[in-house]
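Each remark here refers to the structure printed beneath this line.
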Amino acid sequence: MRTILPDTSTGLLGDSWRTCVGTGRMELALRRDYQDSLALVQREIGFRHIRGHGLFSDGMGIYKPYEVDGRQEVLYSFTYLDQVVDAYLELGIEPFLELGFMPEALASGDATVFWWKGNITPPSSYDAWADLVRATLTHLVERYGLERVRGWPVEVWNEPNLVNFWLDADQQEYFRLYEVTARAVKDVDPQIQVGGPAISPGADAWWEPFLAFVEAHDAPLDFVSSHAYATGPAQHVPFGTYQTLRESDHLLEQLAAPREHLAGTRYAGVPVHITEYSSSYRPDNPVHDTAFNAAYLAPVLAAGGDLVDSFSYWTFSDMFEEEGVPAAIFHGGFGLLTHRQIKKPTFHLFAFMARMGQHVLARGEDHLVCRDDDGRVTVLAWQPVHGTDGPAAPARHEIRLSLPVGADSARTGSGSGSGSTSTSGPATVLVETASVDETEGNAFAAWQHMGRPRSPSERQVATLRALAEPVRRHASLPVVDGRVELDLDLRRHGVTFVEITPVVDETPSWLDDRRIVGQDEVVR
């Protein structure tokens, strides 16, 4: 059956999916491969903010206590922080500041998380912690300007509901940390945005007491944040993890949950930021490298913007190292890119979204269709896929659409559009497609065929980069009564981007391509 799309748009396509993206710990931004990878992501996708752990961990070297004349003093060294933020700004992206983990010299204990040992204990002195927060934000304001820093959200800690990230997952101790931190932020400037609690999936029981505490103590709360993942418990193997996977609708439910918990409270209108989301919460789960992952997340990107103010994919690059230095170039890392800038299929999902039009014509279970004011129509199409307990995806998935050509008739004549859907419009359109699936635009599949080289040669890296690019095709289709009939045939786990542009034919009347040798047999 063919789906007939309306002539008029249903609203604007939001871009909260690109408001923020995740990264490994902040000091990684000092490395060349990291900066090269982020530059590529910004050229083809263009995120506005970037969030990662470790701002106050010892690898950034900010907190330096010392003794002089029998007095205890503290030097705040922003050498690395300046280099990191400068690199971000040069690449057209700004920080989303997560305040954590605890500097060792300020920590109340020695419990850590990750290979790089982020300290997860409360501060030994809350006064000293507040001084650190104020000093850091004051420095950023002095270096980058108050108006700019006001646009950098400040999030208090990371997943304090988990014993992995906050000692004993002590809720009351986190509430104390939150209040002290939020007040320190506001001491620097009342308009800097601060929020939390940055909880992991399955921690909805934290919402009511957190909101009650903030209200009872009149603590600042400019936004709330949480995380969303859809995989089950880890099944460890050497240098990797397998996990079960729920339906992608489960991610959308998690995106919607914070707003539901805010309803009826004084915080009902504050922004909601999902500061981490992905299929799996493990940095060594091979699903991240697959075309399946792109098809799985496509409906989340298409619909998630209606639920939250931002949702931040975790992460832009495999340069991450929570579990140590990766043992192979494909290792199930979180990133849209591997090391050495090899694009994964999910990278292309985001790049396709970045090229979508402004006005939504339709959303379906396997497609998102938009149109620009100049009549360009864009389609993001995907094969619906299921979680572990669902049926396997078939080898093919067909999508049949009837699309209007020309500007939105509801806006024609209003000054916001051009053209129309009348018979005086174009006779043909140019149709350009770009596709990734299990065999095309899939560097992970190519790497498997290579024998899974852990450290590919320069030639192999070049081959993987080339084979990672989407397969691109073009065609011409007739416009009949202001509409185009578009038939898409997606292969297993396929994601396709289609761009349909009205054609202005400038072919001279005297041209005859049939007279070109070999062209008389070409069907056009």
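Under the side-chain hydrogen bond (donor to acceptor under 3.5 Å, both in side chains) criterion, E365 pairs with no residue at all, not counting sequence neighbours. Residues meeting the ring pair (Phe, Tyr, Trp, His ring centres under 6.0 Å) test with F223, sequence neighbours left out: F96, H273. In this structure, T290 has no side-chain hydrogen bond (donor to acceptor under 3.5 Å, both in side chains) partners at least two apart in sequence or on a different chain. For the side-chain contact (heavy atoms from CB on, under 4.5 Å) test, residues two or more places apart in sequence or in another chain that qualify with N285 are T231, Q243, S280, R282, V287, H288. Under the salt bridge (Lys or Arg N to Asp or Glu O under 4.0 Å) criterion, D306 pairs with R363, sequence neighbours left out. With sequence neighbours excluded, the residues that form a ring pair (Phe, Tyr, Trp, His ring centres under 6.0 Å) with F330 are F444, W447. Among residues two or more places apart in sequence or in another chain, the side-chain hydrogen bond (donor to acceptor under 3.5 Å, both in side chains) test is passed with R340 by E458. Taking E253 as the reference, nothing meets the side-chain hydrogen bond (donor to acceptor under 3.5 Å, both in side chains) condition, with sequence neighbours excluded. With sequence neighbours left out, the side-chain contact (heavy atoms from CB on, under 4.5 Å) criterion links D15 to W17, R18, R48.
The aromatic rings of H53 and W314 lie tilted to each other, with the angle between the two planes from 30° to 60°.
For the pair S476/V503, no side-chain contact is recorded, criterion being any heavy-atom separation below 4.5 Å from C-beta on. Inter-residue side-chain proximity for L12 and H359 is flagged as met; some heavy-atom pair is nearer than 4.5 Å. For the pair S226/W207, a side-chain contact is recorded, criterion being any heavy-atom separation below 4.5 Å from C-beta on. Proximity of V379 to I399: side-chain heavy atoms (C-beta onward) are nowhere separated by under 4.5 Å. The shortest side-chain heavy-atom distance between E276 and Y281 does not fall under the 4.5 Å cut-off. With a 4.5 Å cut-off on side-chain heavy atoms, F47 and C20 do not count as touching. Between L38 and T23 the shortest side-chain heavy-atom distance does not fall below 4.5 Å. Within the 4.5 Å cutoff, no side-chain heavy atoms of R400 are placed close to those of M1.
For residues 494-512, every residue pair satisfying the salt bridge (charged side-chain N to carboxylate O under 4.0 Å, His left out) rule, not counting sequence neighbours, is listed here: R355-E499, R376-E499, D512-R514. The salt bridge (charged side-chain N to carboxylate O under 4.0 Å, His left out) analysis of residues 308-322, with sequence neighbours excluded, yields the pairs R25-E321, R31-E321, R259-D309, D318-K344. Applying the ring pair (Phe, Tyr, Trp, His ring centres under 6.0 Å) test to every pair with at least one member in residues 477-505, sequence neighbours left out, gives these pairs: F292-H493, F352-F497.
Side-chain N or O atoms of E247 include one that pairs as donor or acceptor with a backbone N or O of G387 at under 3.5 Å. The backbone N or O of P394 lies less than 3.5 Å from a partner atom in the side chain of Q383, making a donor-acceptor pair. Without hydrogens or angle criteria, T388 side chain to L245 main chain gives a donor-acceptor distance under 3.5 Å. Remark: the backbone N or O of M356 is not paired with any side-chain donor or acceptor of T378 at under 3.5 angstrom.
Distance CG/L401 to CZ/R2: 7.5 Å, rounded to 0.5 Å. Between atom OG of residue S435 and atom CG of residue N442 there is a gap of 12.5 Å, rounded to the nearest 0.5 Å.
Side-chain contact of D284 with H236: a donor-acceptor pair under 3.5 Å is absent, judged by distance alone. A side-chain donor-acceptor contact under 3.5 Å links H227 and T275. A donor-acceptor contact closer than 3.5 angstrom is absent between the side chains of H261 and E208. A side-chain donor-acceptor contact under 3.5 Å links S402 and R483.
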Fill in: Steps toward side chain to side chain contact (heavy atoms under 4.5 Å, CB included) verdict (L89, R148)
CA-CA 11 Å; L89 299 184; R148 181 165 230 166; 3.8 Å; yes
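For the pair Q42 and I93, the tightest heavy-atom approach, listed with the atom from each and the gap, is NE2-CB, 3.7 Å. Closest non-hydrogen pair, D289 versus G332, comes out as OD2-N, 2.9 Å. The two residues Q254 and I274 make their nearest non-hydrogen contact at O-CD1, 4.5 Å. The nearest pair of heavy atoms linking D222 to P271 is O-CD, 3.1 Å. Pairing each heavy atom of L361 with each of D7, the nearest pair is CD2-O, 4.2 Å. Minimum interatomic distance between S37 and L337 (heavy atoms only, all atoms of both residues): O-CD1, 3.5 Å.
The aromatic ring centres of Y229 and Y277 sit 6.0 Å or more apart.
By the 4.0 Å N-to-carboxylate-O rule, E438 lies too far from R492 to be salt-bridged with it. Electrostatic pairing of E469 and K343 counts as a salt bridge here, judged by a charged N lying under 4.0 Å from a carboxylate O. Salt-bridge annotation for E398 and R396: absent, with no side-chain N of the basic residue lying under 4.0 Å from a carboxylate O of the acidic one.
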